[in-house]
Chemist: 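Take a look at the following structure, please.
As the structure lists them, so they are numbered: ligands from 1, and atoms in each ligand from 1.
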Amino acid sequence: MRYERSSSLFINAQNSIPGGVNSPVRAFKSVGGHPIFMRSAKGAYLIDADGNTYVDYINSWGPQILGHAHAPVIEAIKKTAEKGTSFGTPTELETQIAELVCSMVPYVDQIRMVNSGTEACMSAIRLARGYTGKEKIIKFAGCYHGHSDSFLIQAGSGAVTFGTPSSPGVTQGTAKDTLLARYNDLASTSSMLEANEGEVAAIIVEPVAGNMGCIPPQPGFLKGLRTLATKHNVLLVFDEVMTGFRLSEGGASTLYGITPDLVCFGKVIGGGLPVGAFAGPREIMSHLAPSGPVYQAGTLSGNPLAMSAGLAMLSELHEKPKIYDQLAVLGRVLAQDISTALNERSVVHQINQVGSMLSVHLCEGPVKDFDSAKAGDNERFKALFHHMLSQGIYLPPSAYESWFLCACLDDSTHNRTVEAFRSFR
Ligand code: KE4
């Protein structure tokens with residue numbers, strides 16, 4: 001593979017963009033080398049600025065579940081754009097996608113659109129605090145809920161890669177209201193709730209963690225959180241920015257049969273355009289301005305262009321629910337065959353997989369929380385990442401990220417990927 005064009009584009013980008021990227025994890029800091037600039041994408045493939053083709057296992061960090069440049073989504077965007085991109089007024093499209101989400105996610109009566117997963121989680125926590133009148137929140141070490149101040153306390157995504165568990169600029173005043181529990185450890189959550197009785201507004205959790213690699217909830221963990229939240233009169237917030245509309249129509253909540261009090265969405269809901277959302281029962285959502293006192297707003301929230309992309313994406317997923325079984329089989333078989341290939345090379349590894357999310361950890365395992373995720377051999381991961389890149393396989397450039405599979409993967413992409421693992425030394 002030759003990367004001259006990407007290399008020169010990166011050098012140039014750093015003059016006018018901090019670090020040359022608009023989101024830190026894209027900079028390849030944790031795997032070394034320089035980022036690859038992409039020129040286009042179609043289906044399961046990316047094409048970079050030098051003309052190299054890759055099988056894509058990031059899919060824009062989740063949104064492209066039906067593959068890149070999916071025709072119905074592109075058509076919807078084109079048709080809407082010809083009528084204008086944003087009016088700053090209500091449009092029927094917003095009601096159409098809101099009603100569709102309510103039909104896909106059983107416990108949701110109302111949804112508020114925003115422009116990113118960060119905005120969705122930030123707003124959901126404000127709503128939880130406003131609704132309960134309490135100030136503290138509990139999050140889990142290694143889980144990432146976007147970059148708003150309350151969450152940059154041992155965030156599990158880019159920030160961990162940079163070894164800064166809490167970012168400069170986050171004040172102590174903010175940090176004191178965020179309590180950290182251990183993922184898959186109900187005892188740590190219970191003790192935190194007891195030590196802060198009456199002060200905790202919400203527990204926010206990734207029901208399947210995707211920012212420590214992919215970490216499934218241990219049996220009973222989500223049910224235990226539901227029980228604890230109810231017992232201590234605390235709202236349970238599922239951050240389904242990654243898992244929403246990816247693991248099933250109703251996300252992880254439907255997959256595991258656990259109902260949160262509020263849910264956050266992003267990625268898939270926007271069909272590749274900037275959309276986040278938070279949703280829940282009318283009893284809580286009605287506290288949001290203008291129907292209630294909790295303020296939240298956004299110039300481009302629900303803009304017609306993004307809504308048309310999201311509506312096209314969600315409509316197809318709603319009409320073809322078998323796609324989730326297909327994606328789960330793709331994930332399971334790929335995980336099995338990668339493990340077989342790594343065993344042939346005597347590479348110590350652990351593979352976690354839930355539906356179309358998976359991650360390869362270079363450690364003994366099991367990987368079930370942030371500490372066990374950090375036990376992975378990062379140096380070896382760097383070598384694996386660049387080996388796969390040289391074989392035309394584009395993996396997330398961090399050991400703390402999940403893969404996201406799309407419906408366009410096939411035997412050819414599967415075999416190319418497994419062969420690349422088989423040749424890893
Ligand atoms: P955004 O603000 O990036 O749309 O969403 C924040 C967010 C919230 N919740 C979860 C569970 C998330 O995974 C994310 C964002 N995910 C990262 C990948 N780890 C996005 C990639 C990036 O930061 O560039």
Chemist: Enumerate the atoms of ligand 1 whose separation from the nearest heavy atom of Ser23 is less than 4.0 angstrom.
Modeler: 22 (C), 23 (O), 24 (O)
Chemist: Can you pull the ring-ring contact (aromatic ring centres under 6.0 Å, His included) pairs that have at least one residue in residues 10-46, sequence neighbours excluded?
Modeler: Phe28-Phe385
Chemist: Honestly, is Lys223 close enough over Phe221, meaning NZ or CZ under 6.0 Å from the six-membered ring centre and within 45° of the axis?
Modeler: no
Chemist: Heavy-atom pairs closer than 4.0 Å: do any link ligand 1 to the side chain of Lys267, the backbone, both, or neither?
Modeler: side chain
Chemist: Looking only at distances, can you tell me whether any N or O atom of His145, backbone or side chain, sits closer than 3.5 Å to an N or O atom of ligand 1?
Modeler: no
Chemist: Side chains of Asn184 and Lys368: do they bring a donor and an acceptor to under 3.5 Å?
Modeler: no
Chemist: May I ask which of Val114, Ile204, Asn211, Ile58 has a heavy atom nearer to atom 19 (N) of ligand 1 than the others do?
Modeler: Asn211
Chemist: Quick check on contacts: which atoms of ligand 1 are under 4.0 angstrom from a heavy atom of Ser116?
Modeler: 2 (O), 4 (O)
Chemist: Look at Glu75 together with Lys79 and state whether they make a salt bridge at an N to O cut-off of under 4.0 Å.
Modeler: no
Chemist: Of Gly117, Gly62, Pro274, which has the heavy atom at the shortest distance from atom 1 (P) of ligand 1?
Modeler: Gly117
Chemist: Is there a polar contact, in the sense of an N or O pair closer than 3.5 Å, between Tyr144 and ligand 1?
Modeler: yes
Chemist: Does a side chain donor of either Thr417 or Tyr57 reach within less than 3.5 Å of an acceptor in the other side chain?
Modeler: yes
Chemist: With a cut-off of 4.0 Å, which atoms of ligand 1 are near a heavy atom of Gly146?
Modeler: 6 (C), 7 (C), 8 (C)
Chemist: Is it the case that the side chains of Gln296 and Arg112 hold a donor-acceptor pair, with the cut-off being a distance below 3.5 Å and no angle test?
Modeler: yes
Chemist: Pick one of side chain, backbone, both or neither for how Glu206 approaches ligand 1, counting any non-hydrogen atom pair under 4.0 Å.
Modeler: side chain
Chemist: Could you list the atoms of ligand 1 found under 4.0 angstrom from a heavy atom of Val25?
Modeler: 22 (C), 24 (O)
Chemist: Which bit of Glu401 gets closer than 4.0 Å to ligand 1, counting heavy atoms only: side chain, backbone, both or neither?
Modeler: side chain
Chemist: Is a donor from one side chain sitting under 3.5 angstrom from an acceptor on the other, for Tyr183 and Glu206?
Modeler: no
Chemist: Considering only distance and modelled atom types, tabulate donor-acceptor pairs under 3.5 Å from the side chains of residues 18-27, sequence neighbours left out.
Modeler:
none

